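None of the values given here were measured: they were computed from a predicted structure. Hydrogens, waters and symmetry mates are skipped; everything else that's a heavy atom, side chains included, is used. Naming: A, B, ... by sequence-line order, numbering from 1 per chain.
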2 protein chains.
Amino acid sequence: MPRRKTEPAAEANRRTEVLRAAARLFVEKGFEATTTRDIAEAAGMRSGSPFYHFRSKLDLLKAVILEGLAASEARQQAAIAGVDDPLDRLHRLVRAHLGSLFEHDTNAPLLIGETRALDAAARRQIAEAFDRYQIPWQQTLDALVAQGTLTSAAPPLRLWLFGMLNWSTHWYRPDGAMTLDALADSAVAMLLGQAPG
Amino acid sequence: MPRRKTEPAAEANRRTEVLRAAARLFVEKGFEATTTRDIAEAAGMRSGSPFYHFRSKLDLLKAVILEGLAASEARQQAAIAGVDDPLDRLHRLVRAHLGSLFEHDTNAPLLIGETRALDAAARRQIAEAFDRYQIPWQQTLDALVAQGTLTSAAPPLRLWLFGMLNWSTHWYRPDGAMTLDALADSAVAMLLGQAPG
DNA sequence: AAAATAACCAAGCGCTTGCTTGCTTAAAAA
DNA sequence: TTTTTAAGCAAGCAAGCGCTTGGTTATTTT
């Protein structure tokens with residue numbers, strides 16, 4: 001029984017609510033520290049009910065990461081569509097990524113560390129999705145080299161960049177003095193060697 | 001009964017073996033996913049024995065992080081002792097930090113994320129230790145600004161740098177083609193804006 | 001030699017965990 | 001109107017969890 005008789009047929013899948021609750025808790029407390037009871041309660045259900053929508057807790061983790069990553073990818077595509085200038089593109093990529101980390105409710109990149117718990121097949125699938133996500137980054141870095149703004153775009157550069165952005169979740173607070181735009185500016189300046197505008 | 005009658009009085013504290021085993025497992029599988037039985041087995045004990053040396057699993061985590069951090073600090077001090085040139089100092093700081101991440105057996109920086117599990121008092125204590133660890137970094141960055149090698153050393157710069165190094169644990173493999181020295185070179189080059197030597 | 005201590009082991013307690021099973025009911029399909 | 005389906009709930013099971021307790025033995029101290 002759908003626990004609400006009102007709202008005729010509109011409301012979207014209840015599965016999504018479980019997914020969102022799980023994503024938030026996984027990020028907040030970590031995968032292992034989050035119980036399926038926590039998730040059920042956060043979604044307003046009884047303890048066994050999430051298992052109607054997901055076969056196992058691991059399955060739920062996999063879905064959280066993959067669907068969250070897909071959302072970040074969509075956000076990324078929207079941010080750079082039609083933008084040709086490489087520096088502008090880079091800035092938008094950085095800003096969109098930080099947005100996925102701090103603004104969105106399903107921030108997948110944070111959960112890379114939790115993939116430990118998954119089996120090899122799931123890990124490979126997630127790694128492939130991450131690789132796809134990073135393709136526009138490498139292309140943009142290459143373009144910056146071609147126009148002389150950067151001197152080299154060997155693969156480690158992209159990984160350094162990606163890493164420094166992801167780690168910012170350990171120190172940046174969105175409600176602090178620094179805006180997300182300023183954070184993005186700072187990151188780009190760091191990459192370009194503090195050559196200020 | 002100390003399980004070995006040989007080795008008269010030499011062998012160091014058995015506590016240390018528990019600590020090391022815990023450190024390795026916490027890094028490998030994460031704090032929550034590691035059971036006290038895992039730790040006991042890795043140290044060659046029965047399941048309850050670690051609790052002779054540590055009051056609780058959380059206490060063990062705290063000790064792993066604090067003592068690991070102290071070891072990294074010692075390594076850091078040894079690396080920069082008597083070195084005056086700022087760029088040389090920076091390079092040594094970076095190299096020593098990567099060494100703590102990949103070579104040492106108790107690599108504390110990786111466990112920052114696991115402090116979630118600890119109470120506020122322990123977290124504060126660890127944060128203070130981390131702040132101490134970062135003091136030489138900020139000093140060196142300031143010196144690089146003073147000599148004109150960097151244009152700015154505002155606090156985010158140090159955090160970006162620290163973050164990109166720490167995140168390298170997600171992609172760098174010490175047994176791969178790239179040596180740790182080369183990795184350190186690459187990181188410094190990234191910070192200086194790819195101005196190659 | 002006697003007493004104290006350090007460093008465990010063997011056994012298990014109470015609780016939490018992921019997950020299952022059988023039932024129920026609102027809504028949709030026939 | 002009857003039947004089927006989607007979406008749960010109530011209850012609980014077996015395994016695993018952190019941790020305790022009471023004893024045991026090699027070593028150290030007195």
Colleague: Please identify each residue that fulfils ring pair (Phe, Tyr, Trp, His ring centres under 6.0 Å) with A:F54, with sequence neighbours left out.
Modeller: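 For A:F54, no residue satisfies ring pair (Phe, Tyr, Trp, His ring centres under 6.0 Å) once neighbours in sequence are set aside.
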
Colleague: Only distances under 3.5 Å count here; give the side-chain donor-acceptor pairs of residues 73-82 of chain A to other protein atoms, sequence neighbours excluded, each with its distance to 0.1 Å.
Modeller:
from: A:R75; atom 1: NH1; to: A:E103; atom 2: OE1; distance (Å): 3.4
from: A:Q76; atom 1: NE2; to: A:Y133; atom 2: O; distance (Å): 3.1

Colleague: Restricting to pairs with a member in residues 62-89 of chain B, which pass ring pair (Phe, Tyr, Trp, His ring centres under 6.0 Å), not counting sequence neighbours?
Modeller: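 Not a single pair qualifies under ring pair (Phe, Tyr, Trp, His ring centres under 6.0 Å).
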
Colleague: At less than 4.0 Å, is any side-chain N or O atom of B:H53 found next to OP1 or OP2 of C:dA6? Yes or no.
Modeller: no

Colleague: Tell me, which pairs form a ring pair (Phe, Tyr, Trp, His ring centres under 6.0 Å) where one or both residues lie in residues 56-83 of chain A, sequence neighbours left out?
Modeller: none

Colleague: Which residues pass the salt bridge (Lys or Arg N to Asp or Glu O under 4.0 Å) test with A:R24, sequence neighbours left out?
Modeller: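 For A:R24, the residues satisfying salt bridge (Lys or Arg N to Asp or Glu O under 4.0 Å) (neighbours in sequence not counted) are A:E28.
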
Colleague: Could you tell me how far apart B:M45 (CE) and C:dA10 (P) are, to the nearest whole angstrom?
Modeller: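 Atom CE in B:M45 sits about 13 Å away from atom P in C:dA10.
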
Colleague: Would you say B:R14 reaches C:dA7's phosphate, i.e. side-chain N/O to OP1/OP2 under 4.0 Å?
Modeller: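 No.
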
Colleague: Under the ring pair (Phe, Tyr, Trp, His ring centres under 6.0 Å) definition, can you give me all pairs with a residue in residues 62-86 of chain B, not counting sequence neighbours?
Modeller: none

Colleague: For B:E41 and D:dG16, what is the distance between atoms CD and P respectively, to the nearest whole Å?
Modeller: 14 Å

Colleague: Give the rounded distance in Å between these two atoms: CD of A:E17 and C1' of D:dA6.
Modeller: 15 Å

Colleague: If a protein heavy atom is under 4.0 Å from the base, mark B; if only from the sugar-phosphate, S; if neither, -; do that for nucleotides 17-23 of chain C going 5' to 3'.
Modeller: BBBB---

Colleague: So which pairs with a foot in residues 24-53 of chain A pass ring pair (Phe, Tyr, Trp, His ring centres under 6.0 Å), sequence neighbours left out?
Modeller: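 Those involving residues 24-53 of chain A are A:F26-A:F31.
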
Colleague: Please confirm whether the ring centroid of B:H170 lies under 6.0 Å from the ring centroid of A:F162.
Modeller: no

Colleague: What parts of residues 21-29 of chain B reach DNA chain D, counting only heavy atoms under 4.0 Å away?
Modeller: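 Per residue number, the list is empty: none.
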
Colleague: Can you measure B:F54 atom CZ to D:dC19 atom P for me and round it to whole angstrom units?
Modeller: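 So the CZ-P distance, B:F54 to D:dC19, works out to 13 Å.
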
Colleague: For the side chain of A:Y52, starting at C-beta, report the closest nucleotide among C:dA10, D:dC9, D:dA7.
Modeller: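 Minimum distance to the A:Y52 side chain belongs to D:dA7.
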
